[in-house]
Protein chains: 2
Amino acid sequence: MTMDSSPRQNLGISAYSWLKRDITRGVFQPGEKLLMSRLKERYGLGIGPLREALSQLVAERLVVAISQRGYRVAPMSLAELADLYDARAQLEGLILQLAIERGDDAWEAEILAKAHTLSKIMEVNSPDELLDVWDTRHKAFHTAIASGCRSPHLLQVRESLFDQVERYRHLWLRETVFSEEALERKRQEHAALVEVILERRAERAADMMREHLMTPVPIITEVMTRRGLA
Amino acid sequence: MTMDSSPRQNLGISAYSWLKRDITRGVFQPGEKLLMSRLKERYGLGIGPLREALSQLVAERLVVAISQRGYRVAPMSLAELADLYDARAQLEGLILQLAIERGDDAWEAEILAKAHTLSKIMEVNSPDELLDVWDTRHKAFHTAIASGCRSPHLLQVRESLFDQVERYRHLWLRETVFSEEALERKRQEHAALVEVILERRAERAADMMREHLMTPVPIITEVMTRRGLA
DNA sequence: ACTGCATCGAATATAGATACTTGGTATAAA
DNA sequence: TTTATACCAAGTATCTATATTCGATGCAGT
């Protein structure tokens with residue numbers, strides 16, 4: 001049988017996924033030194049694959065390498081928060097304008113589908129499950145909108161900024177998802193966004209998108225200050 | 001003496017620079033398999049540092065990794081050429097609009113300085129030197145314009161697309177720099193661009209920038225077709 | 001001609017050797 | 001007495017070399 005269930009994934013690639021997840025989830029603090037001995041123990045891997053994974057994360061700016069002095073988790077700061085969200089909002093605005101120019105009927109349908117799935121979340125057992133489900137569907141909704149631009153490379157660049165922002169966004173998620181009031185506001189913003197998009201009002205839609213994406217900034221600033229991360 | 005002149009750069013980082021250079025310069029063909037034995041021999045390094053360098057290049061999409069089957073140079077295609085240049089033109093347009101909103105007097109001065117340096121190239125000994133000098137100054141000119149957006153992360157994303165496009169751009173360079181006619185046209189486009197930027201006409205400037213950045217596409221398409229790279 | 005087996009080559013991982021940095025302590029000078 | 005510097009020891013990153021595993025190719029046998 002050639003249908004082997006184990007495609008034998010390269011250990012470096014697995015190490016990459018696990019490390020990325022642990023960094024964005026805050027298992028490793030910003031600025032923290034990533035000791036090879038610790039990582040070896042935690043993931044049960046040799047140094048080689050770990051160095052490979054770390055090299056990739058350096059390229060994605062989630063980890064910084066200091067020559068001959070090992071690796072550290074990239075630091076977080078209020079300045080980076082502001083710039084990262086601004087850059088992302090501007091880029092997403094551009095992508096949305098292009099999507100409105102270039103998107104077809106299937107694109108519109110996909111947006112409506114994802115918006116519906118997002119707005120109707122029920123039957124969740126635990127708060128953590130709510131967070132996971134809402135987050136997944138929220139991402140899917142925004143990705144559906146962006147995909148209309150039909151440019152793989154713009155979408156790739158969008159992904160890259162998204163990965164960098166994820167650590168900050170994670171701080172915001174807990175504050176938002178567990179507040180019925182905040183959740184309701186998001187619901188309204190999304191509905192308004194969909195409406196303007198379907199009317200193909202590019203300029204207005206881009207403005208709304210930029211504004212929508214900037215709303216978490218004050219909240220995250222507050223959380224970071226409170227926790228002394230700034 | 002603590003002033004050691006050798007900061008003892010990690011071999012992985014050097015390997016990264018050399019490999020990147022050799023890939024963008026076409027020493028390794030698109031799609032070509034990167035044999036560890038070959039690389040070891042060529043750069044005089046062990047496998048470890050090479051794997052590190054390759055991992056970073058994978059994150060930058062210049063190399064693709066096939067699990068358990070080593071690494072290959074990322075393929076080139078007409079489809080990627082078109083999308084890459086489109087994405088870059090759109091992004092650069094956005095950045096220019098922001099730069100015109102946000103740039104100060106020092107920014108304007110820097111643009112004028114770089115434009116002047118670019119337009120007055122003389123005293124070159126060889127054609128290859130002309131290519132190098134012109135390319136360096138051309139990049140500096142465009143970077144000076146972009147830097148006005150004051151967003152490190154947008155500039156970082158711009159760099160990333162630029163690195164990906166460099167292989168294609170290199171094909172175009174030889175066709176343009178060695179033609180006095182093409183060079184003169186570029187000179188005029190740059191002058192017109194500077195004029196509109198200094199007048200702070202954001203919309204018009206962005207349009208011109210997008211158009212300016214798309215001009216190499218037909219030429220590169222022609223070269224690729226001629227050489228059977230498509 | 002096709003299938004199964006063996007051999008070869010390449011990628012991957014681990015383990016060990018080397019060289020660097022860092023923190024502490026002791027000594028000397030102010 | 002205090003401060004600064006130099007030296008020493010422990011820990012850590014980095015590299016090279018070796019072993020293992022996986023895939024591919026060629027040959028032989030049916």
Side-chain angles (χ1 to χ4, degrees), chain A residues 1-20 22-23 28-75, chain B residues 1-20 22-23 27-59 61-75:
Chain A
M1 275 296 129
T2 54
M3 269 302 292
D4 195 339
S5 61
S6 73
R8 199 68 189 178
Q9 180 140 253
N10 188 319
L11 291 188
I13 298 174
S14 328
Y16 164 78
S17 318
W18 297 341
L19 254 171
K20 188 169 178 174
D22 284 346
I23 289 172
F28 299 108
Q29 293 300 312
E32 184 178 344
K33 194 149 202 267
L34 293 166
L35 272 305
M36 284 298 176
S37 46
R38 281 256 160 82
L39 299 180
K40 254 175 70 170
E41 189 186 355
R42 181 179 178 91
Y43 302 110
L45 293 172
I47 291 178
L50 285 172
R51 291 183 70 83
E52 265 177 66
L54 288 166
S55 296
Q56 270 190 70
L57 291 168
V58 166
E60 295 180 24
R61 322 267 170 171
L62 265 96
V63 169
V64 291
I66 302 136
S67 199
Q68 309 288 3
R69 266 181 258 181
Y71 296 92
R72 292 182 161 273
V73 178
Chain B
M1 276 299 160
T2 54
M3 268 303 292
D4 196 335
S5 61
S6 73
R8 205 71 189 167
Q9 179 142 253
N10 168 322
L11 290 189
I13 297 174
S14 329
Y16 163 78
S17 317
W18 296 341
L19 255 170
K20 186 168 178 174
D22 283 346
I23 289 173
V27 175
F28 299 107
Q29 292 300 311
E32 183 178 343
K33 190 149 203 258
L34 293 165
L35 272 304
M36 283 299 176
S37 46
R38 275 240 144 84
L39 300 179
K40 254 175 70 170
E41 190 187 352
R42 181 178 177 92
Y43 302 111
L45 294 172
I47 292 178
L50 285 173
R51 291 183 72 82
E52 263 177 68
L54 288 166
S55 296
Q56 272 189 69
L57 292 168
V58 166
R61 322 267 169 170
L62 264 92
V63 168
V64 291
I66 303 137
S67 203
Q68 308 289 0
R69 267 184 253 179
Y71 296 91
R72 289 181 163 275
V73 178

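Residue numbering restarts at 1 for every chain, and letters A, B, ... go by the order of the sequence lines.
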Inset, instruction - Side-chain contact test, heavy atoms from C-beta onward, threshold under 4.5 Å: evaluate it for A/L54 versus A/L39 and give yes or no. - result: yes

Legend entry - A/R69: partners by side chain to side chain contact (heavy atoms under 4.5 Å, CB included), with sequence neighbours left out: A/I66

Legend entry - Close side-chain approach of A/L62 and A/L19, heavy atoms under 4.5 Å: no

Legend entry - A/R51 side, atom CZ; A/Y71 side, atom OH - distance, nearest 0.5 Å: 4.5 Å

Inset, instruction - Would you kindly give the CZ-to-C1' distance between A/R72 and C/dT22, to the nearest whole Å? - result: 12 Å

Legend entry - Interatomic distance where CD belongs to A/Q68 and P belongs to C/dA19 [whole Å]: 12 Å

Inset, instruction - Round to the nearest Å and state the distance from B/L11 atom CG to C/dT18 atom C1'. - result: 13 Å

Inset, instruction - Pull out every residue in residues 37-55 of chain A that has a heavy atom closer than 4.0 Å to any atom of DNA chain D, ordered by number, or say none. - result: A/I47, A/R51

Inset, instruction - Send over the distance from B/R69 CZ to C/dG9 P, rounded to a whole Å. - result: 19 Å

Inset, instruction - Could you list the residues that satisfy salt bridge (charged side-chain N to carboxylate O under 4.0 Å, His left out) with A/R72, not counting sequence neighbours? - result: none

Inset, instruction - Calculate the interatomic distance between A/L35 atom CG and C/dT21 atom P; express it in whole Å. - result: 17 Å

Legend entry - pair B/I23-B/V63: side-chain heavy atoms closer than 4.5 Å: yes

Legend entry - Rounded interatomic separation in angstrom, taking CG from B/L34 and C1' from C/dA11: 13 Å

Inset, instruction - In whole angstrom, give the distance that lies between atom OH of B/Y71 and atom P of C/dA10. - result: 17 Å

Legend entry - Spacing between A/M36 atom CE and C/dT18 atom C1', to the nearest angstrom: 16 Å

Inset, instruction - Ignoring backbone atoms, test whether A/K33 places a side-chain nitrogen or oxygen under 4.0 Å from the OP1 or OP2 oxygen of D/dT12. - result: no

